[in-house]
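If you're wondering where the values come from, they're calculated on a predicted model, not measured in any experiment.
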Amino acid sequence: MTSRRADDPQRPLFLTGMMGAGKSTVGPLLAATWGCPFVDLDRRIERIFGAAIPALFARGESHFRRCEKAALQLLVAEPGFRARTVVVAAGGGLVVDPDNRAAMREAGLVFFLDVPAAELARRLGSTPIAGRPLLGPDMDAVAARVTELLDKRRSAYEEADGVVDGNGPPQDVAHRLLTALTTSLRIF
């Protein structure tokens, strides 16, 4: 039998935050630390619906949000899901729907990786935007669009169980998250 560390939540951990916040980079680091599965909800959506995120978005953002919600509902309904350690990278806009926020909070712990808009724009400006439909094709407009989306979503993100500074190398962010989890787990 494996002993559990104090910072292992022994329940799902959902990472939220804007695109570019590092959820899909920090998540696998935590999963490796705990020896547990990592789930990237966007990749799961693509498998379930048989299409890439941009193709699903091409049918309209509301269509994509319905797919996203269905994927989350299927995940949290899996037998035993709520009683095991798993790290889930939630899509940046998943928190827009109050039902999604409630589903994540009921199933596990939710942490927001908070990164300033300027840093998000810098990170996103150095990656191909084809997989990020909400940014559009104009790289000059990325900073304005990221700021707009972050402003709209911030209050939803901050409903999380904890907020962690997402700046810096992924290993540093993972360490800050582990520290925050240790503190939070004493509360729960």
#### Entry: N100 (side chain) donor-acceptor with L94 (main chain) under 3.5 angstrom
yes
### Query
Hey, are the side chains of V76 and R82 touching, using non-hydrogen atoms and a 4.5 Å cut-off?
yes
### Query
Is the shortest distance from a Lys or Arg side-chain nitrogen in K23 or D40 to a carboxylate oxygen in the other one below 4.0 Å?
no
### Query
Between CG of L113 and CG of D165, what distance do you get to the nearest 0.5 Å?
9.5 Å
### Task
Report yes if the side chains of L109 and L181 come closer than 4.5 Å at any heavy-atom pair, otherwise no.
yes
### Message
If you compare all heavy atoms of A180 against all heavy atoms of F111, which two are closest, and at what distance to 0.1 Å?
### Response
CB-CE2, 3.8 Å
### Query
Taking all non-hydrogen atoms of both residues, which atom of N167 and which atom of R123 are closest, and how far apart?
CA-NH2, 3.8 Å
### Query
Counting only N and O atoms by type, is there a donor-acceptor contact under 3.5 Å from the side chain of D161 to the main-chain atoms of V110?
yes
### Task
Run the numbers on F38 and L30 for side chain to side chain contact (heavy atoms under 4.5 Å, CB included), then give the verdict.
CA-CA 8 Å; F38 169 72; L30 288 175; over 6 Å; no
### Task
Establish whether L120 and V96 are linked, either directly or via other cluster members, by ILVMFWY side-chain heavy-atom contacts under 4.5 Å.
no
### Query
If you round to the nearest 0.5 Å, how far is SG of C67 from CG of L56?
5.0 Å
### Message
When you compare the side chain of Y157 with that of D114, does any pair of heavy atoms fall below 4.5 Å?
### Response
no
### Task
Indicate yes or no: at least one non-hydrogen side-chain atom of L15 is less than 4.5 angstrom from one of L177.
yes
### Task
Give the minimum heavy-atom separation between S24 and A89, together with the two atoms involved.
OG-CB, 4.0 Å
### Query
Going through the distances and angles, do M18 and L124 end up as a side chain to side chain contact (heavy atoms under 4.5 Å, CB included)?
CA-CA 10 Å; M18 284 289 293; L124 295 168; 6.0 Å; no
### Message
Can you give me the closest heavy-atom contact between L41 and A90, atom names plus distance?
### Response
CB-CA, 4.3 Å
### Query
Between the side chain of Q10 and the main-chain N/O of R84, is any donor-acceptor distance below 3.5 Å?
no
### Neighbour count >12 (heavy atoms, 6.0 Å) for atom CZ, R154
yes
### Task
May I ask you to decide whether E159 forms a salt bridge with R153, counting only side-chain N to carboxylate O separations under 4.0 Å?
no
### Query
Does the side chain of V88 come within less than 4.5 Å of F81's, by heavy atoms?
yes
### Task
First locate atom CZ of R66, then atom CD of E61, and finally report the distance between them rounded to the nearest 0.5 Å.
11.0 Å
### Query
Atom CG in L75, atom CE in M104: separation rounded to 0.5 Å?
11.0 Å
## Note on the structure
Heavy-atom closest pair (L150 atom, A117 atom, distance to 0.1 Å) is CD2-N, 3.8 Å
#### Entry: Exercise: identify the closest heavy-atom pair between P37 and V86
O-CG2, 3.4 Å
### Message
With rounding to the nearest 0.5 angstrom, report the CD1 to CG distance, I53 to D42.
### Response
4.5 Å
### Message
Checking E78 against R44 for the salt bridge (charged side-chain N to carboxylate O under 4.0 Å, His left out) test, could you report, in this order, the C-alpha distance in whole Å, the side-chain angles of both residues, the deciding distance, and whether it holds?
### Response
CA-CA 13 Å; E78 287 180 5; R44 187 177 174 94; 2.5 Å; yes
### Message
Could you tell me if the side chain of C36 sits less than 4.5 Å from the side chain of V87, heavy atoms only?
### Response
yes
### Query
With a 4.5 Å limit on heavy-atom distance, are the side chains of L178 and W34 in contact?
yes
### Query
Are the charged groups of K69 and D97 less than 4.0 angstrom apart, N to O?
yes
### Pairwise side-chain contact, F14 with V39, heavy-atom cut-off 4.5 Å (strictly under)
no
### Query
Passes side chain to side chain contact (heavy atoms under 4.5 Å, CB included), E158 versus F112? Steps please.
CA-CA 7 Å; E158 290 177 345; F112 165 40; 4.2 Å; yes
